[in-house]
Visitor: 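This structure is in structure tokens; I'll ask about it shortly.
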Amino acid sequence: MIALSKIVAGRLLLGIVTLLITSMVIFGAMELLPGDFAQAVLGQSATEETVRAFRTELQLDQSVFVRYFDWLANALQGDFGQSFSGRASSGYDRSRAVVDLVAPRMSNTILLAGLTAVISVPLALGLGVAAVLYRGSWFDRALNWAVLGAISFPEFLIAYALILLFASLFPVFPALANVSPDMAWDERLSRMALPAISLTIVIMAHMMRMTRAALNDLMSRPYVETAKLKGLSRWRIVLMHVLPNAWAPIATVIAFNLAYLIVGVVVVEVVFAYPGIGQLMVDAVTSRDIPVVQTCALVFAGTYIVLNLLADVIAIMTNPRLLHPK
Amino acid sequence: MNGKIRTSSMIGGARNFGRRDLLKCAGGFGAFAAVQGILPGSARAASPKSGGHLRVGTGFGSTTDSLDPATTEHGMTININYTYANNLMEVGNDGSLVNELAEQHETEDGKTWYFRLRKGVEFHNGKTLTPDDVVASFEHHIREGSRSAAKGLLSSVESVRRDGKDGVVFELSEPNADFAFLTSDFHLIILPSEDGMIDATGGVGTGAYKLDRFDPGVRAEFSRNPNYWKEGRGHFDSVTIVSLVDVTARQNAVLNGDADVIDRVDPKTVSIMSRAPNLSILEVTGTQHYTFPMRLDSSPFNNLDMRLAMKYAINRQEMLDKILLGHGVLGNDHPIAVANTYHADGLEQRSYDPDLARHHFEKSGHVGPVQLHVSDAAFAGAVDAAQLLSASASAAGIEIEVVREPTDGYWSNVWNKKPWCACYWGGRPTEDWMFSTAYTADTEWNDTAWRDTPAADKFNSIVKQARAELDTGKRQQLYTEAQTLVRDDGGTIVPMFANYIMAASNKLEHDEQVAANWDLDGNKIAERWWFA
């Protein structure tokens, strides 16, 4: 256990370094984009003078290093600053704290990701195991075809097809997922159904195929042969003997897909008008709202780091040999 | 109104206004009226019903939106402003100028404008409207250090002050016959004031609906204002405006009944949408137009023959047919729409003429290709339009090289900078407003840099003269001449004016006329429409 916590601590430290590098890269990338927030907001009507005054107010006139370290110092104290937007108006500052902008969107995104995960992870695992149990059968082949087909379509197409099916032809779910905080839970869930199903279809293939491949890989091992010769049932072999040894790659691919649910769902958000964090980041990039972009990027990077760490911990716990790399 | 339309890949901006409007009801809507067996004309509109929850889906909205009217810049925020607040004046759904919070307005010389306010109008917070609120609402945009997008619009306002207990007086630096029109601008909503400052983010106004919730870039929710002062307006119990930037999502929403009405229907899908039995398609021609500005301060467009060659090399009809699929009207190389009062009806329509184009091109002495910088940020289909232009020009022996620019940063790096690019204007309600926004020598938005030719000088003096002129006949004459000068000497090509296309549930009813000045019945749909 001590070895495990040592690894976790080391990984967390590395994670913090990764976050730091991410924030630098994002800051630099925003710097390379044409125009800045002052220009983006004031538009062509602005004279040089107003743009300059506005830049001074936002401290955009200072060097990128000064701004970065200022931001970093504040962020380390938990202050992610004020969004730039809302400052452009007639001399008054009515910007919102970045946290106030990001937090509600983030909770929406996590909710959708959670709902999708609850549907897709057990389904993918179950189907993966079933595919191994009935390896080579028509069921296995049909399943493979289906998930390969699903993964080949772009997500917006899947989303539109679902809308056509379940909102237009057989209206069971609403086509719009514009949830709001004061909405009742049942309505919220019904609105989130179609985006969650779309995302399930998008990520399931990956997880299911990885489960199947990892299990198949182990099925030819000598210990499986031994178990077979002992006369154990196929079910018992797969679930009790093979699956525990296959957790490492499965956990990794699940972590990867869960991270994608938080970071990469902007297309689904747009199609269903779901107020998630992806849309917020796209808007912020368009208007060069650096504090918001920074925070979103950090949240995204943090998601990857934590989920990967979790996957590794699961892998190590199920396979203690990984604690002692060769 | 001064904020140039800024479009990104996600946000389409439309700014438009029209005084005299042209209303065209597409098949769906006409058929609807027939099926319902309702009497034609105003009888149908005579008895609006109260109640219901209106859900509007709009193709605009961004997380950076704010309630401050100084920053209002696109369809969703304009709609919000007009839903919870009022202006001194409004543009009616027939395009005429109507007194709104002002009961009366008058001027003698066009320089001093007097507005008398309605009595007993209450804000949502119970405060009674006073001239101080009006003064503060205008001061919000014009005071020193203001970054309001309406500052330029009000640049000729020297002072605005209270006059008695119900009057407001504006002093202008020069006469402007159209000043009352300007007060209908969506930035200039009247908000409650305290100590000379308005509360610009409270969302409290005098409008038909109270703003209950505003989630920038997502939705705005309203409930009916029981004390609304306007007779026969504001029929819904509650209203929600949802941002649906993705065109497919928006169209799906109205098809599936998740929204009652949407703006900006894709011309490509109008015919399919109109087949839906539960929907009507509404189409309005206003002042929104697409342009290809050529800059006179850069070679080769400082040469008149070069400009004329390009104007003859463009096939406007083909562009209207293929880019807008017929959902618009032909442009004539000036920005004044048929919907404007002083549109030059007699001016000959310029058409595609490869021979004349070649003649002028050769006369200009230019050799080699001409570059045209475009991006779909300018308008949907701009890149295709440029390809069409290139093809029609090549028939005249002119090589046009289409340079595709990134959408992001198009307005800061390409428009108003490159010698020739694509652009888009919502248009303005009055001729003077349009000209002084983008064509007179003193504006920074003169995107053709049309300043130093004799014709431009003449144009500038005519516009100034017409602004101060109160006689309608003389104004018609002056504005016709101004349009001729832009068309024949100016640097812009205006191939077409684009329609506003909306789709609405058949359950919705509205006055016979639908405003042409913006999407969604002048963006006053919440106030004007009702459920059958």
Side-chain angles (χ1 to χ4, degrees), chain A residues 33-37 39-47 50 53-54 83-92 94-96 101 104-105 156 159-160 163-164 167-168 171 174-176 178-182 191 267 269-275 279-289 292, chain B residues 2-6 8-11 55 57 62-71 73 140-141 143-149 151-152 197 200-201 213 215-219 221 240 242-246 248-250 252-253 255-259 406 408-409 411-413 415-416 444-445 447:
Chain A
L33 287 174
D36 61 13
F37 183 78
Q39 258 184 348
V41 158
L42 296 177
Q44 273 64 42
S45 64
T47 58
T50 44
F54 195 29
S83 157
F84 281 175
S85 67
R87 292 210 198 168
S89 44
S90 48
Y92 311 105
R94 47 183 58 99
S95 55
R96 292 184 287 169
L101 268 166
R105 296 297 188 101
F156 68 87
Y160 289 149
I163 290 178
L164 180 69
S168 294
L176 286 188
N178 54 334
V179 296
S180 65
D182 45 3
R191 282 185 185 267
V267 174
E269 280 176 18
V270 168
V271 170
F272 292 101
Y274 189 80
Q279 186 66 51
L280 177 73
M281 175 132 171
V282 170
D283 276 353
V285 170
T286 312
S287 63
R288 313 280 184 265
D289 193 344
V292 175
Chain B
N2 217 0
K4 172 81 192 85
I5 312 143
R6 310 166 45 71
S8 70
S9 58
M10 311 292 282
I11 308 153
R55 295 158 304 161
S62 156
T63 16
T64 52
D65 293 345
S66 95
L67 282 177
D68 186 341
T71 64
E73 70 161 345
H140 180 67
H141 303 282
R143 75 162 48 92
E144 193 77 16
S146 157
R147 280 189 294 263
S148 169
K151 195 174 188 184
M197 302 286 268
T201 50
R213 237 181 93 83
D215 195 351
V218 182
R219 83 167 73 67
E221 288 167 15
T240 305
V242 186
S243 164
L244 300 172
V245 177
D246 182 62
T248 317
R250 193 161 69 249
N252 269 327
L255 278 168
N256 298 326
D258 286 322
D408 212 19
W411 297 110
S412 17
N413 302 328
W415 180 75
N416 229 346
E444 279 194 50
W445 282 1
D447 59 6

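Quick caveat: nothing in here was measured; it's all calculated off a predicted structure. Numbers restart at 1 for each chain; the letters A, B, ... are given by sequence-line order, proteins then strands.
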Visitor: Under 4.5 Å from any heavy atom of chain B, what part of A:Tyr160 do you find: side chain, backbone, both or neither?
Guide: side chain
Visitor: Heavy atoms only: give me the nearest A:Ala273-B:Ser243 pair and the separation to one decimal.
Guide: CB-O, 4.2 Å
Visitor: Could you check whether any side-chain N or O of B:Asp246 sits under 3.5 Å from a backbone N or O of A:Val270, counting only pairs where one atom can act as donor and the other as acceptor?
Guide: no
Visitor: Does any heavy atom of chain B fall under 4.5 Å from the side chain of A:Pro174, the backbone, both, or neither of them?
Guide: both
Visitor: Tell me, side chain or backbone of A:Val179 under 4.5 Å from chain B's heavy atoms, or both, or neither?
Guide: backbone
Visitor: How close do A:Ser180 and B:Arg219 get, heavy atom to heavy atom, and via which atoms?
Guide: CB-NH1, 3.2 Å
Visitor: In terms of heavy-atom pairs under 4.5 Å, which option from A:Ala167, A:Pro171, A:Pro275, A:Ala284 contacts chain B the most?
Guide: A:Ala167
Visitor: Check whether B:Pro69 gets within reach of chain A through its side chain, its backbone, both or neither, counting any heavy atom under 4.5 Å.
Guide: neither
Visitor: Going from CG on B:Asp258 to CG on A:Asn178, what distance comes out if it is rounded to the nearest 0.5 angstrom?
Guide: 8.0 Å
Visitor: Highest number of heavy-atom pairs under 4.5 Å with chain A: which of B:Leu255, B:Leu244, B:Asp65, B:Asp215?
Guide: B:Leu244
Visitor: Which answer fits B:Arg213, side chain, backbone, both or neither, if we ask what part of it has an atom under 4.5 Å from a heavy atom of chain A?
Guide: side chain
Visitor: Which atom names give the shortest non-hydrogen contact between A:Ala175 and B:Asn256, and what distance separates them?
Guide: CB-ND2, 3.2 Å
